[in-house]
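The structure appears below as structure tokens.
Since we're looking at a predicted model, the values are computed, not measured. When reading the values below, keep in mind they use all heavy atoms of this one structure, side chains included, and skip hydrogens, waters and symmetry mates. Chain letters run A, B, ... following the sequence lines, proteins first, then strands; residues in each count from 1.
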2 protein chains.
Amino acid sequence: MSSASATLDGVFHALADPTRRSMIKQLAKGASTIGELGEPFDMTKPAITKHVKVLESTGLLTREVDGRVHRVEIDPRPLDAAQRWVEEVREFWEGRLDDLAGYLDGLQKKGKGKGKRRG
Amino acid sequence: MSSASATLDGVFHALADPTRRSMIKQLAKGASTIGELGEPFDMTKPAITKHVKVLESTGLLTREVDGRVHRVEIDPRPLDAAQRWVEEVREFWEGRLDDLAGYLDGLQKKGKGKGKRRG
DNA sequence: CCCATAGTTTACCAATAGGTAAACTATACC
DNA sequence: GGTATAGTTTACCTATTGGTAAACTATGGG
């Protein structure tokens with residue numbers, strides 16, 4: 001299952017760059033060519049090529065070559081992995097709060113402390 | 001509002017490293033010291049210090065110095081920004097599908113094609 | 001054929017990232 | 001005071017990242 005970790009590495013890394021995030025948002029609204037995708041950015045074509053490759057390599061973007069034009073569109077599935085990871089953290093976090101509530105509740109009901117003392 | 005983008009840069013970058021993701025999960029279950037936090041990793045102490053600093057600088061982690069021990073705990077709020085960003089992308093994506101459905105619906109009702117021909 | 005257009009590849013650069021070893025700071029404890 | 005423990009800082013190394021300019025590939029159209 002180390003590929004799941006590799007996917008998360010790739011997705012989070014892809015999203016860590018503002019140019020790529022902007023591209024993703026643009027593509028979420030609709031497919032476009034490489035030229036259209038790169039036009040909003042004050043950046044040379046090789047830079048755009050690189051950003052697109054990063055997104056493509058994580059599966060966030062698919063490419064369809066149509067003549068000399070490359071048409072790209074978003075594939076939101078890798079975002080699921082990222083979102084699930086964050087939600088899992090949140091569940092741990094909320095579980096921890098539940099445990100604390102249960103612990104405090106137990107203290108009150110039994111008038112006895114069995115868990116680790118804190119502080 | 002460029003600080004929102006800076007926050008996202010930081011959070012996504014922080015989450016792009018498996019060691020830091022593992023630390024976050026560990027901390028989501030409960031607070032710990034730097035030593036406990038770093039113990040699962042086959043890594044020297046300066047490396048742990050660096051990872052903790054990255055998490056701290058994005059606000060994902062808070063530190064409380066208690067004698068010679070540094071007690072750290074998670075602050076999940078920066079995760080909200082990341083999660084909202086992903087959900088916004090999803091909304092754009094679903095809106096796009098709605099538009100497509102509306103477009104196709106319009107085609108059927110009017111029996112008329114006004115959009116770009118494809119293929 | 002000739003030229004414009006769309007995009008990639010290659011080679012290069014400076015900055016950042018992730019790691020280490022060694023030295024240092026600061027607290028705890030006998 | 002002396003020593004172990006917790007953690008940071010400094011200096012260094014290598015790999016990766018984000019960007020560029022220049023050359024290249026490939027398609028479209030007069």
Side-chain angles (χ1 to χ4, degrees), chain A residues 2 5-24 26-27 30-58 60-74 118-119, chain B residues 2 5-24 26-27 30-58 60-74 116-119:
Chain A
S2 75
S5 179
T7 299
L8 289 173
D9 284 9
V11 172
F12 283 128
H13 171 248
L15 299 184
D17 183 277
T19 300
R20 289 192 293 262
R21 281 201 307 278
S22 184
M23 286 177 165
I24 290 285
Q26 191 180 333
L27 285 175
S32 73
T33 67
I34 300 283
E36 290 164 359
L37 188 65
E39 199 235 333
F41 309 105
D42 186 17
M43 216 173 278
T44 59
K45 289 194 288 181
I48 300 299
T49 294
K50 282 189 185 182
H51 282 305
V52 169
K53 272 189 180 175
V54 170
L55 292 172
E56 198 177 10
S57 75
T58 69
L60 280 165
L61 181 153
T62 58
R63 181 193 308 245
E64 183 194 349
V65 178
D66 180 24
R68 69 183 158 176
V69 161
H70 295 209
R71 184 155 284 269
V72 291
E73 59 184 282
I74 195 180
R118 64 169 64 205
Chain B
S2 74
S5 178
T7 300
L8 289 172
D9 284 9
V11 172
F12 283 128
H13 170 247
L15 300 183
D17 184 277
T19 299
R20 289 192 294 261
R21 281 201 306 279
S22 185
M23 286 177 164
I24 289 285
Q26 191 179 332
L27 285 175
S32 73
T33 67
I34 300 284
E36 290 163 1
L37 188 65
E39 199 235 332
F41 310 106
D42 186 16
M43 217 173 279
T44 59
K45 289 194 287 182
I48 301 299
T49 294
K50 283 188 184 181
H51 282 304
V52 169
K53 272 189 180 175
V54 170
L55 293 172
E56 197 178 11
S57 74
T58 69
L60 281 164
L61 180 154
T62 59
R63 181 193 308 246
E64 183 193 350
V65 179
D66 180 24
R68 68 181 160 180
V69 161
H70 295 211
R71 184 155 285 269
V72 291
E73 58 183 284
I74 195 180
K116 284 180 191 165
R117 207 76 52 86
R118 63 169 66 208

What is the separation between atom CZ on B:F41 and atom C1' on C:dG18, rounded to the nearest whole Å? 14 Å
Side chain of B:T19 only, please: which of C:dA28, C:dG19, D:dG19 is the nearest? C:dG19
Name the atoms and distances for all side-chain donor-acceptor pairs under 3.5 Å in residues 31-49 of chain B, with sequence neighbours left out.
residue, atom, partner, partner atom, Å
B:T33, OG1, B:G35, N, 3.4
B:T33, OG1, B:E36, N, 3.1
B:E36, OE1, B:T33, N, 3.1
B:T49, OG1, B:K45, O, 3.2

Check whether any side-chain heavy atom of B:V52 lies under 4.5 Å from a side-chain heavy atom of B:L61, and answer yes or no. yes
Report the nucleotide, chosen from C:dA4, C:dA17, C:dG7, that has the shortest atom-to-atom distance to any side-chain atom of A:I34. C:dG7
Please examine the side chains of B:V72 and B:T62, heavy atoms only from C-beta on, and report whether any two atoms are closer than 4.5 Å. no
All side chain to side chain donor-acceptor pair (under 3.5 Å) counterparts of A:E56, not counting sequence neighbours: A:R63
Please report the distance, rounded to the nearest Å, between CD in A:E64 and P in C:dG7. 13 Å
Can you see if the side chain of B:T44 gets near the phosphate of C:dG19 - specifically, an N or O under 4.0 Å from OP1 or OP2? no
Gap between atoms CG and C1', on A:D17 and C:dT16 respectively (whole Å): 13 Å
What's the CG-P distance between B:D9 and D:dG18, to the nearest Å? 10 Å
So, the side chain of A:R21 versus the backbone of A:L15: is there a donor-acceptor pair under 3.5 Å, distance only? yes
In whole angstroms, how far is the C1' atom of C:dT16 from the CZ atom of B:F12? 20 Å
Nucleotides 9-13 of chain D: which of its N/O atoms have a protein N/O under 3.5 Å away?
residue, atom, partner, partner atom, Å
D:dT9, OP2, B:K53, NZ, 2.6

On the nucleotide D:dG18, are OP1 or OP2 found under 4.0 Å from the side-chain N or O atoms that A:R20 carries? yes
Between C:dG18 atom P and B:L55 atom CG, what is the distance in whole Å? 11 Å
Side chain to side chain, A:M23 and A:T19, heavy atoms closer than 4.5 Å: yes
Atom pair distance, as rounded to whole Å: NE2 in B:H70 and P in C:dT27: 9 Å
Once you round it to whole Å, what is the distance between C1' of C:dG7 and CZ of A:R63? 8 Å
Heavy-atom side-chain proximity of B:T7 to B:T58 below 4.5 angstrom: no
Hey, which of these two, A:H51 or A:G67, hits DNA chain D nearer its 5' end, going by closest nucleotide? A:H51
